[in-house]
Amino acid sequence: MKLAVLLALFLIPVAVLVVQPPVAVSNSYVEVVPPDTAVVGFTFTNLGLRQVCITSVSAPQGTHAEMHVTEFNGTLAVMKTVDKVCVGPLSAVRFGSLTYHIMLTGDVNAVRNGAVIQLRLDDGRVVEVRAPPGTGAHIHTP
């Protein structure tokens, strides 16, 4: 009986780490880039034992959101839309200016004082990101 209880106490947390890995969002910010874009950055951490993918992102009212990645070809930086961003087990991905980021277009004045976006994960969960105004250090290359 004691062995069964100990086994259950061990297997339940392991199952949670595999079936629905815990995730965390930190260091979030939003930067408005005049005249009509804004970027949302943050660190997305997967604390589980299986890969977790962000499959879509919501936009605050009056804006449109896309996930982008910045790619470099020599001295040219190009932003490309991506369908998903996957984070490996026990890993983190930084979203920011020169890497993956969330690009907002439309009425970006609505997010000048901060933005709330939602990330949809491949397991159906929705993670809210509260992004305060950034420090003005965003680099934007059209």
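Residues: numbered from 1 along the sequence shown.
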So do the side chains of Arg125 and Pro21 get within less than 4.5 Å of each other, counting heavy atoms only?
yes

For Pro132 and Ser28 the tightest heavy-atom approach is CD-O, 3.3 Å

Begin with the C-alpha distance, continue with both residues' side-chain angles, and end with the deciding distance and a verdict on side-chain contact (heavy atoms from CB on, under 4.5 Å) for Val52 and Asp123.
CA-CA 8 Å; Val52 174; Asp123 62 11; 5.6 Å; no

Looking at CE of Met67 and OG of Ser56, how far apart are the two atoms once the value is rounded to the nearest 0.5 Å?
6.5 Å

Restricting to non-hydrogen atoms, name the atom on Gly124 and the atom on Arg120 that form the minimum distance, rounded to 0.1 Å.
O-NH1, 3.2 Å

Is Val116 close to Pro60 at the side-chain level, that is, under 4.5 Å between some pair of heavy atoms?
no

Main-chain N/O of Gly62 paired to Asp107 side chain as donor or acceptor, under 3.5 Å:
no

Check: Val33 main-chain N/O paired with Thr37 side-chain donor or acceptor under 3.5 Å:
yes

Considering all heavy atoms, the nearest Ala65-Ser58 contact:
CB-O, 3.7 Å

Please report, to 0.1 Å, the donor-acceptor pairs under 3.5 Å made by any side chain of residues 71-86, with sequence neighbours excluded.
from  : atom 1 : to    : atom 2 : distance (Å)
Glu71 : OE1    : Lys80 : NZ     : 3.1
Thr81 : OG1    : Glu66 : OE1    : 3.4

Less than 4.5 Å apart, any side-chain heavy atom of Val57 and any of Phe95?
no

Mind running side-chain contact (heavy atoms from CB on, under 4.5 Å) on Tyr100 and Ile54 for me, showing each step along the way?
CA-CA 12 Å; Tyr100 290 107; Ile54 302 168; over 6 Å; no

Do you know which two heavy atoms are closest between Val30 and Val40, and how far apart they sit?
CG2-CG2, 4.0 Å

Quick one: does any side-chain atom of Ser91 pair with a main-chain N or O of Pro89 as donor and acceptor, under 3.5 Å?
yes

Taking all non-hydrogen atoms of both residues, which atom of Ala38 and which atom of Val108 are closest, and how far apart?
N-CG1, 3.7 Å

Are Val129 and Val39 grouped together when hydrophobic residues (ILVMFWY) are joined by side-chain heavy atoms under 4.5 angstrom apart?
no

When rounded to the nearest 0.5 angstrom, what is the spacing between CD1 in Ile117 and CZ in Phe42?
5.0 Å

More than 12 heavy atoms of other groups within 6.0 Å of Gln61 CD:
no

Side-chain touch Leu121/Phe44, heavy atoms, less than 4.5 angstrom
yes

Among residues at least two apart in sequence or on other chains, which ones pass side-chain hydrogen bond (donor to acceptor under 3.5 Å, both in side chains) with Asp122?
none

To the nearest 0.5 Å, what is the distance between CD1 (Ile102) and OG1 (Thr63)?
11.5 Å

Indicate, with yes or no, if Val25 and Tyr29 share a hydrophobic cluster defined by side-chain heavy-atom contacts under 4.5 Å among Ile, Leu, Val, Met, Phe, Trp and Tyr.
no

Looking only at heavy atoms, the pair that brings His101 and Thr99 closest together is ND1-O, 3.0 Å

